There are 2 protein chains.
Amino acid sequence: MAPADGSVDPIGAVGAVRVRRGRSAEGRAEVRRELVAAAVRLFAGQGYDDTTVDDIAAAAGVGRRTFFRYFRSKEDAISPDHDTALARVAEVFDSAHPTEPAIHLALRAGETVFDLYTDDPELSVQRFRLTHDVPVLRDRESASVDRYRRMFTRYLRARLADDPDGELRAAVIGAAVVAAHNLELRRWLAGGADAGEIDACRERFHRIAAMLPIEPGEPGGELAAVTQRLEAAVGRLEQTGR
Amino acid sequence: MAPADGSVDPIGAVGAVRVRRGRSAEGRAEVRRELVAAAVRLFAGQGYDDTTVDDIAAAAGVGRRTFFRYFRSKEDAISPDHDTALARVAEVFDSAHPTEPAIHLALRAGETVFDLYTDDPELSVQRFRLTHDVPVLRDRESASVDRYRRMFTRYLRARLADDPDGELRAAVIGAAVVAAHNLELRRWLAGGADAGEIDACRERFHRIAAMLPIEPGEPGGELAAVTQRLEAAVGRLEQTGR
DNA sequence: TTGTTTAACGGCACGTAGTGCCGTTACGCT
DNA sequence: AGCGTAACGGCACTACGTGCCGTTAAACAA
């Protein structure tokens with residue numbers, strides 16, 4: 001897997017204790033932050049296409065070649081650290097109890113991805129605007145999101161392997177959970193990433209549980225799920241005033 | 001919108017009757033097919049990264065500059081014509097009856113995308129293998145698929161605007177329909193794109209109807225949907241032998 | 001302190017994608 | 001036959017991304 005900080009593997013740094021070598025005393029993390037800050041600032045100020053890697057490197061006070069030692073590409077400079085979040089999601093699935101309902105597990109896994117954006121809300125909002133405006137960045141974001149969907153679907157497929165239409169249900173649940181997560185995340189970011197509204201977004205995210213296909217295979221689980229669905233349906237009927 | 005054949009806009013060709021100009025008597029479509037064939041053959045033979053645009057152009061007997069008059073990028077040479085399919089999907093949504101259930105409509109719209117691949121099964125299989133093996137092509141495919149999801153979600157959101165949790169339901173239904181469509185399409189392509197198996201894939205695709213959140217707002221619709229869901233649940237219970 | 005090791009850096013050169021420009025060619029039309 | 005025009009090929013240019021190499025400075029040992 002890629003290193004947790006998302007940097008390109010420097011051969012000698014693999015598995016090494018954080019020992020600082022080279023001329024820079026502040027460490028790699030500091031240089032990386034400066035590059036990200038410069039990239040975000042320049043992209044927002046003069047446009048993505050009109051900003052060259054030379055511009056970013058010069059603004060951060062490093063050479064152009066060094067930029068590519070920290071990021072695989074120009075687009076990478078503003079990408080969140082999806083590798084870390086993907087690893088967290090995998091950890092949730094791998095350490096889950098075998099009898100935990102798939103939908104509950106999927107929601108727990110989706111929860112962990114929120115943290116990737118809530119750690120630095122301002123940066124997340126800037127990234128959100130850029131990925132919303134620049135087509136090539138939006139495409140890149142789509143590809144990243146699809147990696148989450150594939151991971152969710154793959155784990156769910158293994159869990160639902162014995163169920164009728166298990167593969168289809170895994171695809172539906174995986175896609176729905178990722179879509180709902182993104183919907184609420186983007187709503188939160190579009191609203192300015194107010195820290196007080198995070199919980200409301202998480203709550204709305206959890207509402208998809210009532211919209212997902214119930215799972216057979218557990219003692220009593222089906223009836224409880226049917227009841228849950230019926231109650232949710234009745235709640236909607238009551239809200240529509242019929 | 002982009003022209004139906006996916007080519008880059010030649011200014012004078014917009015809205016013109018298919019009149020052949022220039023030195024090539026066979027027409028643009030013929031040159032385009034030769035370029036696609038050369039690209040697919042070279043990508044599969046010597047790898048995507050080891051194939052330059054010069055190689056493709058030379059194999060097709062045209063200049064490098066001409067290649068970029070037919071395709072926006074190297075990756076575009078093997079991309080299906082998503083613009084046409086997206087336009088068809090929009091047409092289905094735009095011309096739909098206002099009272100048609102959203103899920104039924106979404107399935108109808110998804111149906112039309114199958115045709116994009118069934119027209120030329122061999123080419124679709126080759127493209128499938130390339131998009132499966134080459135990371136940059138897979139990312140591009142993810143971005144294309146996400147455009148379908150966004151279009152589905154946008155139309156569904158407008159239709160479910162008055163429902164409780166309508167936006168969330170639109171996101172779930174849109175993502176689920178697109179995911180199910182892709183699951184069955186890729187299953188069909190991975191199996192060799194046998195013409196006799198298309199109907200089975202379409203049938204499996206329609207099974208997601210029983211997995212999607214029921215819709216309130218229609219006279220008697222809720223009860224029918226609940227019944228449908230309960231029957232589907234009972235069917236699964238019976239299949240599991242409980 | 002001095003010398004050795006080594007990770008990170010900057011610079012250079014190179015291949016390739018993609019674009020703007022322009023002269024040329026060949027087809028269609030009058 | 002002559003004209004207009006659309007497509008073509010070539011050229012030059014920018015920028016991304018990478019391999020290579022000499023240099024620098026930090027860490028460590030003597």
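Order of the sequence lines fixes the chain letters, A, B, ..., with proteins taken first and strands second; residue numbering starts at 1 for each chain. Note that the structure is predicted; figures quoted are calculated from it, not measured.
Protein atom CZ of F71(B) is 12 Å distant from nucleotide atom P of dC8(D), rounded to whole Å. Residue D55(A) contributes atom CG, which lies 12 Å from atom C1' of dT14(D) at whole-angstrom precision. A straight line from NZ of K74(B) to P of dA15(D) spans 21 Å, rounded to a whole angstrom. Taking atom CZ of residue R72(A) and atom P of nucleotide dG19(D), one finds them 13 Å apart after rounding to whole Å. Whole-Å rounding puts the D49(A) CG to dG18(C) P distance at 13 Å. Between the CG atom of D50(B) and the P atom of dA17(C) there is a distance of 11 Å, given to the nearest Å. Distance CZ (F67(A)) to P (dG11(C)): 16 Å, rounded to an integer number of Å. Straight-line distance from the CG atom of D54(A) to the P atom of dC12(C): 12 Å, rounded to whole Å.
Exactly one residue among V145(A), I173(A), D146(A) makes a side-chain contact (heavy atoms from CB on, under 4.5 Å) with V178(A). That residue is V145(A).
Phosphate contact (OP1/OP2 of dC9(C), side-chain N/O of Y70(A), threshold under 4.0 Å): present.
One finds no salt bridge joining R150(A) and D139(B) here, because no Lys/Arg side-chain nitrogen approaches an Asp/Glu carboxylate oxygen to under 4.0 Å. Here E184(A) pairs with R187(A) in a salt bridge; the nearest charged N to carboxylate O distance falls below 4.0 Å. Under a 4.0 Å N-O distance rule, the pair R140(B)/D76(B) qualifies as a salt bridge.
Where R64(B) and G63(A) meet DNA chain C, the nucleotide closest to each residue was compared, and G63(A) sits on the side nearer the 5' end.
Looking at the side chain of R65(A), the nearest of the listed nucleotides dG18(C), dC8(D), dT18(D) is dT18(D). Comparing dC9(C), dG10(D), dT16(C) by their closest approach to the side chain of R28(A) singles out dC9(C).
Under 3.5 Å, the side chain of R69(A) and the base of dG17(D) form no donor-acceptor pair of N or O atoms.
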